[in-house]
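Naming: A, B, ... by sequence-line order, numbering from 1 per chain.
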Amino acid sequence: MGLMLRAVPGSNDIFPQAKEYPFREPVFRHIVRTAEEVLRNAGAQMIHTPIFEQLEVFQRGVGLTSDIVVKKEMFVLEDRGGRLLALRPEPTAAVVRAYNEHGMKVWPQPVRLFTWGPIFRGERPQKGRYRQFHQVDYEALGLADPLLDAEAIALMVRIYRTLGLRNLEVRLGSVGDPEDRARYNQYLRGLLMPHADRLSEESRARLEANPMRILDSKSEQDQAVLAELGVRPMLEFLGEEAQAFHEQVCRYLERLGVAYTVDPSLVRGLDYYVRTAWEVHHMAIGAKSALGGGGRYDGLSEMLGGPRVPGVGFGIGIERVAIALEQEGVVVPPDPSPTLYLAPLDEPAKIEALALAEQLRPRVYVEIGYTPKSPRKALEDALRKGAQYVGFLGEAERARGVITLKHLQSGEQREVEPFQLHSLFEE
RNA sequence: GUGAGCGUAGCUCAGCCGGUUAGAGCACCGGUCUGUGGAACCGGGGGUCGUGGGUUCAAGUCCCAUCGCUCACCCCA
């Protein structure tokens, strides 16, 4: 059995009997449907973009200093013409690409879209982190108003709460405008350069290109240096406009009654983010793991060769939400069970059962037994399936042209003619 | 990329200080029960003990290697 093919590490089958909660199809579907309902009722429209794009869609948007590129976390493939494609490592750039491609800038703004589907990152898998995982994603494009940021955060929280999650923490920050970030990086360089020899190799390498990322270094020596120097957070370097924008988002959230904490040191892995950035955390997944995150990306469209299109959006990690739901003991609605279970009692009854089932479908949820069994076994099967009615088809029924129909809850049983079944169940 | 842990039936696992034919529970199939309630009892199928090598009279058990899985670091969803 050693040679039997398996799923690629970090990719998972999602099916009803899956042992791990995040891969149980009904749980998965419940999360998707709930999110879909919340977002549709907020007026967002569903879009599905391809799961692969030209590499540049993600490369340009993501920025050269970003870890997704630097650490080669993208799955890149080459088509026959030598064109480089990439499995999407995030949905936002693809949605913005679609917005531009279909001229959505002439639609009434903002254009609010949502999608869900697989996302791919070539990281080493572990709990709550997979190479193929799934996100629900929401984007509000075409209007740079803090109202949309606040709405996005509120919608995200609403999805979690509708699912039944408690113990949420919204961490809100701002990464400022590009000029603010440049100023902050300048500040960091000036502060850290004299102490470069005490920083880790990785951090030293980041000092020139992207000093902000030194702040979340996990190296103890780095953190010791940072603490000693008393580094000021990004949030204190916001320009006037970014500052006003951030304050407005906070005020709106308070008005909406959405609880949040300001995280002054919140940074983003992708270069296209500006101003608002947030993460929603849950205790279940561990201190470092977020259920979802979002932010504003006003410069992204231009990086993709499009017009200037402001945007704000979020992604929700479906598997991580499932882990949180399990942790909180939230019960997911079970799949419906059959109204009728048709049980063939002998060989010729198999096709009779199927024929009858096919007459009743799809208006009635009908399952059949595929192997003739004793009435006792057939009844057990029907009970296990949770059927409302069981219909026996055997020799006696054939002789009289009827089926024996039994209501499982009451135990009542009678013989009915097949044509009567339609009116019995179709209501 | 770095570190740790774990690989015995479809699943969860037991298997002592190395000892004869490798076990249990769950699941599946059948019988008791030849046309009626999830039970119970009995039976059955299913294993090259991840793989390769070594030590030994003897290896699921000890040693080495290798592969796989999982968790953690990093990053984030």
Side-chain angles (χ1 to χ4, degrees), chain A residues 1-10 12 17-20 22 31 66-73 88-92 116-137 156 160 200 202-203 213 216-220 222 266-270 277 279-282 285-295 314-324 341 343-346 349 371-387 390-399 404-413 415:
Chain A
M1 289 268 271
L3 293 176
M4 189 177 71
L5 263 25
R6 312 170 50 96
V8 172
N12 299 97
Q17 294 82 359
K19 206 168 19 151
E20 303 93 336
I31 294 167
S66 289
D67 288 340
I68 286 187
V69 172
V70 171
K71 296 168 88 176
K72 299 194 171 80
E73 286 176 353
R88 60 181 183 197
E90 46 112 7
T92 305
W116 74 272
I119 304 292
F120 304 87
R121 289 182 201 169
E123 299 176 287
R124 189 87 145 241
Q126 64 187 65
K127 189 179 178 67
R129 194 181 81 180
Y130 312 102
R131 276 148 57 129
Q132 175 177 329
F133 63 99
H134 299 77
Q135 275 189 8
V136 173
D137 180 71
M156 197 174 173
Y160 296 131
S200 68
E202 201 182 359
S203 291
R213 297 216 65 84
D216 30 50
S217 163
K218 289 302 170 277
S219 148
E220 280 184 28
D222 287 357
L266 205 120
V267 277
R268 287 274 92 136
L270 307 184
E279 289 171 3
V280 177
H281 289 259
H282 185 271
I285 307 177
K288 293 227 54 79
S289 282
L291 288 184
F314 62 75
I316 289 177
I318 295 175
E319 287 89 346
R320 288 193 179 174
V321 170
I323 291 170
Y341 180 85
L345 300 180
D346 59 15
T371 313
K373 288 187 179 162
S374 71
R376 177 186 207 91
K377 298 280 188 207
L379 194 55
E380 283 179 16
D381 286 349
L383 287 163
R384 256 200 299 267
K385 297 265 188 194
V390 60
F392 295 106
L393 289 84
E395 211 179 329
E397 285 79 8
R398 187 153 45 241
T404 301
L405 187 68
K406 185 185 183 80
H407 182 64
L408 286 169
Q409 203 178 354
S410 66
E412 280 169 35
Q413 181 171 315
E415 292 189 345

Whole angstrom value for the distance that separates [atom2] of [N] from [atom1] of [X]:
{"X": "Asp346(A)", "N": "rU34(B)", "atom1": "CG", "atom2": "C1'", "value": "13 Å"}
{"X": "Glu319(A)", "N": "rU70(B)", "atom1": "CD", "atom2": "P", "value": "14 Å"}
{"X": "Ile323(A)", "N": "rU70(B)", "atom1": "CD1", "atom2": "P", "value": "13 Å"}
{"X": "Arg131(A)", "N": "rU70(B)", "atom1": "CZ", "atom2": "C1'", "value": "15 Å"}
{"X": "Lys127(A)", "N": "rU70(B)", "atom1": "NZ", "atom2": "P", "value": "12 Å"}
{"X": "Asp137(A)", "N": "rA77(B)", "atom1": "CG", "atom2": "C1'", "value": "11 Å"}
{"X": "Phe392(A)", "N": "rU36(B)", "atom1": "CZ", "atom2": "C1'", "value": "5 Å"}
{"X": "Glu395(A)", "N": "rU34(B)", "atom1": "CD", "atom2": "P", "value": "15 Å"}

Q: Please report the shortest heavy-atom distance between Gly394(A) and Leu345(A), naming the atom on each side.
A: CA-CB, 3.9 Å
Q. Which heavy atom of Leu291(A) sits nearest a heavy atom of Ala324(A), and at what distance?
A.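 Shortest heavy-atom separation between Leu291(A) and Ala324(A) comes out as CD2-CB, 3.9 Å.
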Q. Which letter, B, S or -, goes with each nucleotide of nucleotides 37-47 of chain B from 5' to 3', with contact meaning a protein heavy atom under 4.0 Å?
A. BBB--------
Separation between the [atom1] atoms of [N] and [M], rounded to whole Å:
{"N": "rG54(B)", "M": "rU70(B)", "atom1": "P", "result": "31 Å"}
{"N": "rC17(B)", "M": "rA58(B)", "atom1": "C1'", "result": "15 Å"}
{"N": "rA9(B)", "M": "rG60(B)", "atom1": "C1'", "result": "14 Å"}
{"N": "rG10(B)", "M": "rU55(B)", "atom1": "P", "result": "32 Å"}
{"N": "rU20(B)", "M": "rG25(B)", "atom1": "C1'", "result": "26 Å"}
{"N": "rG50(B)", "M": "rA22(B)", "atom1": "P", "result": "15 Å"}
{"N": "rG68(B)", "M": "rU21(B)", "atom1": "C1'", "result": "30 Å"}
{"N": "rG38(B)", "M": "rC33(B)", "atom1": "P", "result": "15 Å"}

Q: Could you check Gly394(A) against Lys373(A) and say which one's nearest nucleotide on RNA chain B is further toward the 5' end?
A: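 Comparing both residues, the 5'-ward one is Lys373(A).
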Q.
Closest-nucleotide mapping onto RNA chain B: is Asn12(A) or Tyr160(A) further toward the 5' terminus? I mean the 5' end.
A. Asn12(A)
Q.
For a quick test of reading the model: is some side-chain N or O of Gln126(A) closer than 4.0 Å to OP1 or OP2 of rC73(B)?
A. yes
Q. Do the side-chain N or O atoms of Gln135(A) get closer than 4.0 angstrom to the phosphate oxygens (OP1, OP2) of rA77(B)?
A.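 Answer no for this pair, as no side-chain N or O of Gln135(A) is under 4.0 Å from OP1 or OP2.
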Q | Donor + acceptor pair across side chains of Gln413(A), His407(A) (<3.5 Å) | A |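 Note: Gln413(A) and His407(A) side chains miss the donor-acceptor criterion.
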Q. Within the stacking criterion (centroid distance below 5.5 Å, interplanar angle below 30°), does Phe133(A) stack on rA77(B)?
A.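 Stacking is present between rA77(B) and Phe133(A), given that their ring centres fall under 5.5 Å apart and the planes under 30°.
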To the nearest 0.5 Å, how far apart are [atom1] in [X] and [atom2] in [Y]?
{"X": "Ile119(A)", "Y": "Arg88(A)", "atom1": "CD1", "atom2": "CZ", "value": "4.5 Å"}
{"X": "Phe392(A)", "Y": "Tyr341(A)", "atom1": "CZ", "atom2": "OH", "value": "10.0 Å"}
{"X": "Glu397(A)", "Y": "Glu395(A)", "atom1": "CD", "atom2": "CD", "value": "9.5 Å"}
{"X": "Asp346(A)", "Y": "Lys373(A)", "atom1": "CG", "atom2": "NZ", "value": "14.5 Å"}

Q) Partners of Arg131(A) by side-chain contact (heavy atoms from CB on, under 4.5 Å), sequence neighbours excluded? A) Val8(A), Phe75(A), Pro125(A)
Q: Using the test side-chain contact (heavy atoms from CB on, under 4.5 Å), find all partners of Pro372(A) that sit at least two apart in sequence or belong to another chain.
A: Glu347(A), Lys350(A)
Q) Given side chains that start at C-beta, do those of Val390(A) and Leu408(A) come closer than 4.5 Å, heavy atoms only? A)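 Answer yes - side chains close enough.
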Q: Would you kindly check whether a donor in the side chain of Gln17(A) faces an acceptor in the base of rA27(B), or vice versa, at under 3.5 angstrom?
A: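 For Gln17(A), whose side chain was compared with the base of rA27(B), there is no donor-acceptor pair (under 3.5 Å).
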Using only atom types and a distance under 3.5 Å, with no angle test, would you say the side chain of [X] pairs donor to acceptor with the backbone of [Y]?
{"X": "Glu319(A)", "Y": "His134(A)", "result": "yes"}
{"X": "Tyr160(A)", "Y": "His282(A)", "result": "no"}
{"X": "Arg121(A)", "Y": "Glu73(A)", "result": "no"}

Q) What nucleotide, of rU12(B), rC71(B), rU36(B), holds the atom closest to the side chain of Thr404(A)? A) rU36(B)
Q: From the options rA77(B), rC69(B), rG35(B), select the nucleotide whose nearest atom is closest to the side chain of Glu123(A).
A: rA77(B)
Provide a list of protein-nucleic acid N or O atom pairs under 3.5 angstrom, restricted to nucleotides 1-5 of chain B.
unit_1: rU2(B); atom_1: O4; unit_2: Arg124(A); atom_2: NH2; d: 3.0

**Q.** Pairing pattern in dot-bracket form [Watson-Crick, G-U; both distances under 3.5 Å; | = partner strand] for RNA chain B
**A.** (((((((..((((.....[...)))).(((((.......))))).....(((((..]....))))))))))))....
Q: With heavy atoms under 4.0 Å as the rule, sort Glu279(A) into base, sugar-phosphate or nothing.
A: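 Nothing, no nucleic acid heavy atom in range.
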(Q) Once you apply a heavy-atom cut-off of 4.0 Å, does Ala396(A) come out as touching a base, just sugar-phosphate, or nothing? (A) base
**Q.** Anti/syn call for rC16(B), syn if |chi| within 90°
**A.** anti
Q: State which residues pass ring-ring contact (aromatic ring centres under 6.0 Å, His included) with Phe314(A); sequence neighbours excluded, sorted by chain then number.
A: Tyr138(A)
